Asker: 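Mind having a look at this structure? Questions to follow.
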Amino acid sequence: MTNLAQEISFMQRALTLSHQALPACRPNPPVGCVLVKDGLIVSEGFTQAPGCHHAEAMALANYDQPLDDITAYVTLEPCSFVGRTPSCAHTLVEKGIKRVVVATLDPDPRNSGKGIDVLKQAGIAVTLGLCEDEVAAFISPYLLPNNN
Ligand SMILES: Nc1c(N[C@@H]2O[C@H](COP(=O)(O)O)[C@@H](O)[C@H]2O)[nH]c(=O)[nH]c1=O
């Protein structure tokens, strides 16, 4: 069982990873993600250059085991739409992830809660708002519609 202190440490690791996304990820926001199994981080990712992996996609690319016992901690709501890259929310659903913990919503009008809805409608457990203030303090300047 994962306790709150562990959950916070996983999100803080995702936040630390997200710093590595800059500056190559621009104009995309810098996002970090860790995959956790049985209380241990088994894979990590952060946003790559435009057209390349989002944070979740990088973490998934580095982990080839089933996801039915995996919790993903991601600093930004997974994207619900196909942009330059596939939808992370739909990919997490298709791969059968058990649970997704998100720090903050993505105000991009193409997303804006839809990523959370995609996960929930697929029956995936979603927790929103873990470490939100800390993550928002870093990522907010890079989020649409503020960054265009
Ligand atoms: N960087 C990032 C997200 N960024 C979201 O994706 C949008 C860009 O999509 P695309 O054109 O496909 O690269 C960007 O405006 C923002 O809404 N989403 C995520 O799930 N994970 C990530 O690591």
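Note: hydrogens, waters and symmetry copies are ignored here, and every other heavy atom, side chains too, is used. Whatever order the structure lists ligands and atoms in, that order sets their numbers, starting from 1. As the structure is a computational prediction, the values presented were derived from the model and not from experiment.
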Asker: So which protein heavy atom does atom 18 (N) of ligand 1 come closest to, and at what separation?
Answerer: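 Going by distance alone, atom 18 (N) of ligand 1 is nearest to H54 ND1, 3.4 Å.
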Asker: Can you tell me if D106 contacts ligand 1 (heavy atom of the residue under 4.0 Å from the ligand)?
Answerer: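 Yes, that is the case, since the closest heavy atom of the residue is under 4.0 Å from the ligand.
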Asker: Under 3.5 Å between some N or O of ligand 1 and some N or O of C79?
Answerer: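 By distance alone, the answer is yes.
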Asker: In ligand 1, which numbered atoms sit nearer than 4.0 Å to a non-hydrogen atom of G83?
Answerer: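 Once the distances to G83 are compared, the set is 11 (O), 12 (O).
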Asker: In the protein, what heavy atom is nearest to atom 15 (O) of ligand 1, and what distance, to one decimal place, separates them?
Answerer: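 In this structure, atom 15 (O) of ligand 1 has D108 OD2, 2.8 Å as its nearest protein heavy atom.
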Asker: Classify the ring geometry between F10 and Y73 as parallel (under 30°), tilted (30 to 60°) or perpendicular (over 60°).
Answerer: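 Rings of F10 and Y73: tilted, as their planes differ by 30° to 60°.
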Asker: May I ask you to identify the nearest protein heavy atom to atom 20 (O) of ligand 1, giving residue, atom name and distance to one decimal place in Å?
Answerer: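 Answer for atom 20 (O) of ligand 1: E56 OE2, 2.7 Å.
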Asker: Can you pull out the closest protein heavy atom to atom 7 (C) of ligand 1? Residue, atom name and distance to 0.1 Å, please.
Answerer: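 That would be F81 CZ, 3.6 Å.
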Asker: Please evaluate residues L76 and V102 with respect to the criterion side chain to side chain contact (heavy atoms under 4.5 Å, CB included), reporting the C-alpha separation (whole Å), side-chain torsions for both, the decisive distance (0.1 Å), and the verdict.
Answerer: CA-CA 6 Å; L76 186 67; V102 174; 6.0 Å; no
Asker: Between S80 and N111, does the side chain to side chain donor-acceptor pair (under 3.5 Å) criterion hold? Intermediate values first, please.
Answerer: CA-CA 6 Å; S80 60; N111 212 18; 2.9 Å; yes
Asker: Identify, for atom 8 (C) of ligand 1, the protein heavy atom at the shortest distance, and state residue, atom and that distance.
Answerer: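 Of the protein heavy atoms, N28 OD1, 3.3 Å lies nearest.
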Asker: So is P29 close enough to ligand 1, meaning a heavy atom under 4.0 angstrom away?
Answerer: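 Distance cut 4.0 Å: P29 passes for ligand 1.
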Asker: Under 3.5 Å, N or O to N or O, is P78 touching ligand 1 that way?
Answerer: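 Not met; the criterion fails.
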Asker: Numbering the atoms of ligand 1 from 1, which are under 4.0 Å from a heavy atom of A55?
Answerer: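 Counting atoms of ligand 1 from 1, those under 4.0 Å from A55 are 22 (C), 23 (O).
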Asker: Tell me if the CG atom of D133 is crowded by more than 12 foreign heavy atoms within 6.0 Å.
Answerer: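 Count not over threshold, so no.
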Asker: Against P78, only a single residue in V126, L119, V31 fulfils side-chain contact (heavy atoms from CB on, under 4.5 Å); can you say which?
Answerer: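 Considering V126, L119, V31, a side-chain contact (heavy atoms from CB on, under 4.5 Å) with P78 is found only for L119.
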Asker: Considering only heavy atoms of L144, which atoms of ligand 1 have at least one such atom less than 4.0 Å away?
Answerer: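 So the atoms of ligand 1 that pass are 15 (O).
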Asker: Distance from C25 atom SG to F46 atom CZ, nearest 0.5 Å?
Answerer: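 If we round to the nearest 0.5 Å, C25:SG and F46:CZ are 9.5 Å apart.
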Asker: Quick one: pull up CD1 in I41 and OG1 in T71 and give me the separation to the nearest 0.5 Å.
Answerer: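 Between I41 CD1 and T71 OG1, I get 12.0 Å after rounding to 0.5 Å.
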Asker: Among V74, V82, T85, whose heavy atom sits nearest atom 12 (O) of ligand 1?
Answerer: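 The nearest heavy atom belongs to T85.
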Asker: Under 4.0 angstrom from ligand 1, any heavy atom of R110?
Answerer: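 So R110 counts as touching ligand 1.
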Asker: Out of curiosity, does F81 fall in the hydrophobic cluster containing L105 (side-chain heavy atoms, cut-off under 4.5 Å, transitive links)?
Answerer: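 L105 does not cluster with F81.
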Asker: Any ion pair linking D69 and K98 (charged N to carboxylate O, less than 4.0 Å)?
Answerer: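 Not counted as a salt bridge, because no side-chain N and carboxylate O are separated by less than 4.0 Å.
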Asker: Would F46 count as a contact of ligand 1 if the rule is a heavy atom under 4.0 Å away?
Answerer: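 No; F46 lies far enough from ligand 1 that no heavy-atom distance drops under 4.0 Å.
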Asker: Is any NZ, NE, NH1 or NH2 atom of the basic residue among E77 and R110 found under 4.0 Å from an Asp or Glu carboxylate oxygen of the other?
Answerer: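 Answer for the salt bridge query: no.
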Asker: One pair to check against side chain to side chain contact (heavy atoms under 4.5 Å, CB included): D108 and L143. What are the steps and the verdict?
Answerer: CA-CA 7 Å; D108 185 316; L143 295 174; over 6 Å; no
Asker: N/O to N/O below 3.5 Å, does that happen between G51 and ligand 1?
Answerer: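 It does not: no N or O of G51 is found under 3.5 Å from an N or O of ligand 1.
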Asker: Closer than 4.0 Å to some heavy atom of V31 - which atoms of ligand 1 meet that?
Answerer: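 Reading through ligand 1 atom by atom, the close ones are 1 (N), 2 (C), 22 (C), 23 (O).
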